[in-house]
Trainee: 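First, the structure itself, so that you have it in front of you.
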Amino acid sequence: MTSALEKQIPRQQDVQADELRKTLGQQFLQQIIDNSFDSIFVTDRYGNVLLANAGTGEFMETKTEDMVGKNVKDFVKSGVYDWSPTMEAIKTRSLVSGIVRNKHGVQQMATSKPLMDEGGDIIMIITNARDKDLVDQYIAALDKERTSVHRYKTAVEYLSEVDLENKEIVAESQQMRKIMRISNVIARTDSTVMLIGETGTGKEVMARHIHRNSLRSKEPFIPVNCAAIPHELLESEFFGYVRGAFSGANPHGKPGLFEIADKGTLFLDEIAELPLAMQSKLLRVLESSEVQRLGDTKTYHADVRFIAATNRDLKAMISQKLFRSDLYYRLNVIPISLPSLKDRTEDILAFAHKFLEELNRKYALKKQFSTQATQLLFNYNWPGNVRELRNVIERLVITSAGDILNFEDDSLVNSKTRLESAESLPSINTRYKGTLKDVIKAVEGEYINQVLTECGGRVGEAAKRLGIHRTMLYRKTIGR
């Protein structure tokens with residue numbers, strides 16, 4: 001039988017182990033709270049200090065061991081700090097937060113929380129606090145992050161409405177190659193660019209190219225059609241507004257285009273359509289880089305690269321007092337004139353094949369240009385420029401029954417701007433007739449067209465494959 005003494009020995013060992021664990025637990029707890037970045041302060045239901053860490057001692061300039069057992073009311077009376085959130089939590093039986101100042105004016109953001117037992121009585125009050133300057137820094141950082149997220153969200157929403165297709169530069173002609181060399185140089189700068197050219201010459205495509213090759217390429221590119229925004233909404237769209245700025249406004253406020261494009265590029269298409277009042281406001285932003293939302297008292301720095309575009313004669317508008325001369329010279333730092341498609345005929349085939357390839361891929365087709373179609377593409381003067389060319393090819397692809405494309409049933413054939421000789425050109429489906437010289441010329445034309453198709457309309461590459469100079473290929477193409 002086990003004696004009473006033998007039964008007692010294990011129990012004594014258990015008690016010793018429990019006491020050891022409690023002692024070690026208290027030591028670990030003290031180490032944990034002492035190494036906490038926040039001030040930690042625990043009192044009983046009457047405000048008597050049960051525990052405090054080193055951070056609390058630093059704030060109150062009192063040793064932690066000297067604080068234990070004292071009442072928080074005594075600290076307030078002696079001026080250690082100005083008020084006690086602990087006593088307020090005891091009084092209200094609820095969570096209390098506020099700014100506490102010590103006798104040297106140092107501020108902490110403190111929160112006191114009462115712990116209740118099952119009967120609803122307060123057991124203890126736990127208070128933690130952190131330096132107010134750090135809290136303010138965190139709040140400012142969060143606000144900045146929230147503003148950035150809102151800006152990028154707005155940019156994404158704005159850009160989701162923009163057609164991003166057909167934005168690649170085509171530059172087979174000497175004029176466009178020269179322009180590309182210039183644009184690649186200025187892209188690495190922040191200089192303001194003015195793009196001048198007829199409607200449909202690709203001003204937005206060039207603006208995107210400049211942005212894509214700039215140091216701002218990872219930031220937003222925001223295209224704005226100045227003619228598409230009602231005059232009464234221009235200021236709110238460009239500058240944004242705060243909550244309650246005017247009736248009908250977004251209740252959360254809205255960042256303007258200058259803010260959305262911050263660190264990036266703002267492309268102002270059809271800049272000539274801006275009214276004079278808005279021109280003066282834009283000039284101020286260009287000169288000061290400062291933006292103020294409607295209804296706001298604060299100004300924001302706008303780090304924006306501006307690219308403007310127009311198809312109008314701004315100098316003539318200045319003489320007519322329709323455009324500000326100071327804004328013109330501020331925007332016209334680096335002017336780039338984009339030639340019309342009729343003046344860059346070497347690019348016509350490259351564009352045509354590019355569009356055809358895109359449409360074939362989109363609609364799962366295998367259509368090709370006939371020799372006649374290739375000739376007519378050259379002979380037409382394309383008053384609507386690249387935009388018209390794409391529309392014509394899309395119409396041709398969709399309406400043609402076979403895989404060989406020509407303009408026999410298209411209104412373009414009857415255009416007065418096409419060379420009269422174009423109508424008499426043979427179709428690819430026509431039998432060869434005439435002299436041997438005529439047949440050789442026809443076969444040569446078909447092969448040239450085949451190579452151009454395989455090269456995607458790139459004249460230089462096709463000429464290299466054919467073993468002739470690009471100038472000779474160009475002459476043979478337009479002379480067929």
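Because the structure is predicted, anything quoted here is derived from the model rather than measured. One is the number of the first residue; the rest follow in order along the sequence.
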Trainee: List in chain and number order the residues that pass side chain to side chain donor-acceptor pair (under 3.5 Å) with E273, two or more places apart in sequence or in another chain; answer none if no residue qualifies.
Mentor: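 Expected list: R312.
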
Trainee: Evaluate the ring planes of Y328 and F323, with Trp represented by its six-membered ring, and classify them as parallel (under 30°), tilted (30 to 60°) or perpendicular (over 60°).
Mentor: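 Judged by the thresholds at 30° and 60°, the geometry between Y328 and F323 is perpendicular.
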
Trainee: Among pairs that include at least one residue of residues 255-283, which meet ring pair (Phe, Tyr, Trp, His ring centres under 6.0 Å), considering only residues two or more places apart or in two chains?
Mentor: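 Non-adjacent pairs meeting ring pair (Phe, Tyr, Trp, His ring centres under 6.0 Å): F238-F258, F239-F258.
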
Trainee: Counting neighbours of NZ on K367 that are heavy atoms of other residues, nucleotides or ligands and sit closer than 6.0 Å, is the number greater than 12?
Mentor: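 Yes, the 6.0 Å shell around NZ holds more than 12 heavy atoms from other groups.
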
Trainee: Mind jotting down which residue pairs meet the salt bridge (Lys or Arg N to Asp or Glu O under 4.0 Å) criterion with at least one end in residues 315-329? Sequence neighbours excluded, please.
Mentor: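 Output for this query lists R324-D326.
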
Trainee: Looking at D262, is its backbone amide N or carbonyl O close enough to the side chain of D303 to form a donor-acceptor pair, meaning the two atoms are under 3.5 Å apart?
Mentor: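 No.
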
Trainee: For T199, what residues pass the side chain to side chain donor-acceptor pair (under 3.5 Å) criterion, not counting sequence neighbours?
Mentor: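 Counting only residues at least two positions away or on another chain, T199 forms a side chain to side chain donor-acceptor pair (under 3.5 Å) with N311.
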
Trainee: Is there a donor-acceptor pair under 3.5 Å between the side chain of N53 and the backbone N or O of I40?
Mentor: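 Yes, the answer is positive, given that a donor and an acceptor are paired below the 3.5 Å cut-off.
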
Trainee: Any ion pair linking K362 and E358 (charged N to carboxylate O, less than 4.0 Å)?
Mentor: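 Looking at E358 and K362, the cut-off is not met.
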
Trainee: What residue pairs, at least two apart or across chains, pass ring pair (Phe, Tyr, Trp, His ring centres under 6.0 Å) with a residue in residues 274-320?
Mentor: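 Non-adjacent pairs meeting ring pair (Phe, Tyr, Trp, His ring centres under 6.0 Å): zero.
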
Trainee: Sorted by first residue and then second, give each salt bridge (Lys or Arg N to Asp or Glu O under 4.0 Å) pair with at least one member in residues 330-344; sequence neighbours left out.
Mentor: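 Every pair satisfying salt bridge (Lys or Arg N to Asp or Glu O under 4.0 Å) with a residue in residues 330-344: R344-D347.
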
Trainee: Within the side chain of Q292, is there an N or O that forms a donor-acceptor pair under 3.5 Å with the backbone of D296?
Mentor: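 It does hold such a pair.
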
Trainee: Taking only residues two or more places apart in sequence or in another chain, which ones pass side chain to side chain donor-acceptor pair (under 3.5 Å) with S112?
Mentor: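 With sequence neighbours excluded, S112 shows a side chain to side chain donor-acceptor pair (under 3.5 Å) to T127, given in chain and number order.
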
Trainee: Specify the closest pair of heavy atoms between G200 and R387, including all atoms of both residues, with the distance to one decimal.
Mentor: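 In terms of heavy atoms, the two residues are closest at N-NH1, 3.4 Å.
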
Trainee: Short question: side chain of S370, backbone of L405 - any donor-acceptor pair under 3.5 Å?
Mentor: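 Indeed, once roles are kept as given, a pair shorter than 3.5 Å links the two residues.
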
Trainee: Just to verify, what does D269 make a side chain to side chain donor-acceptor pair (under 3.5 Å) with, not counting sequence neighbours?
Mentor: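 In terms of side chain to side chain donor-acceptor pair (under 3.5 Å), with neighbours along the sequence ignored, D269 is linked to no residue.
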
Trainee: Taking salt bridge (Lys or Arg N to Asp or Glu O under 4.0 Å) as the definition, give me every residue that meets it alongside E61, ordered by chain and number, with sequence neighbours left out.
Mentor: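 Counting only residues at least two positions away or on another chain, E61 forms a salt bridge (Lys or Arg N to Asp or Glu O under 4.0 Å) with K103.
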
Trainee: Using salt bridge (Lys or Arg N to Asp or Glu O under 4.0 Å) as the criterion, list what pairs up with D190, not counting sequence neighbours.
Mentor: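 If we apply the salt bridge (Lys or Arg N to Asp or Glu O under 4.0 Å) test to D190, skipping adjacent residues, the hits are R216.
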
Trainee: Nearest 0.5 Å, please: how far is NE2 in H211 from CZ in R305?
Mentor: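 Result: 10.0 Å between the selected atoms.
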
Trainee: Between the side chain of Q279 and the main-chain N/O of L274, is any donor-acceptor distance below 3.5 Å?
Mentor: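 Yes, because the side chain of Q279 sits within donor-acceptor range (under 3.5 Å) of the backbone of L274.
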
Trainee: E235: which residues meet the salt bridge (Lys or Arg N to Asp or Glu O under 4.0 Å) condition with it, sequence neighbours left out?
Mentor: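 Residues passing salt bridge (Lys or Arg N to Asp or Glu O under 4.0 Å) with E235: none at all.
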
Trainee: Report the distance from atom CG of L327 to atom CD of E287, rounding to the nearest 0.5 Å.
Mentor: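 Answer rounded to 0.5 Å: 9.0 Å.
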
Trainee: Distance from I307 atom CD1 to I186 atom CD1, nearest 0.5 Å?
Mentor: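 Those atoms lie 7.5 Å apart.
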
Trainee: What residues form a salt bridge (Lys or Arg N to Asp or Glu O under 4.0 Å) with R181, not counting sequence neighbours?
Mentor: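 Partners of R181 by the salt bridge (Lys or Arg N to Asp or Glu O under 4.0 Å) criterion come out as none, since no residue qualifies.
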
Trainee: Using 0.5 Å steps for rounding, measure from the OG1 atom of T201 to the CG atom of L195.
Mentor: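 Output value for this atom pair is 8.5 Å.
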
Trainee: What distance do N213 atom CG and M180 atom CE have between them, rounded to the nearest 0.5 Å?
Mentor: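 So the gap between those two atoms works out to 7.5 Å.
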
Trainee: Would you compute the distance between atom CD1 of I182 and atom CD1 of I334 and round it to the nearest 0.5 angstrom?
Mentor: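 The CD1 atom of I182 sits 9.5 Å away from the CD1 atom of I334.
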
Trainee: What heavy-atom pair brings A110 and P85 nearest, and what distance separates the two atoms?
Mentor: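 Closest approach of A110 to P85: CB-CG, 4.0 Å.
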
Trainee: Test side-chain contact (heavy atoms from CB on, under 4.5 Å) on R284 and E290 and set out the steps.
Mentor: CA-CA 8 Å; R284 186 179 183 281; E290 291 184 348; 4.1 Å; yes

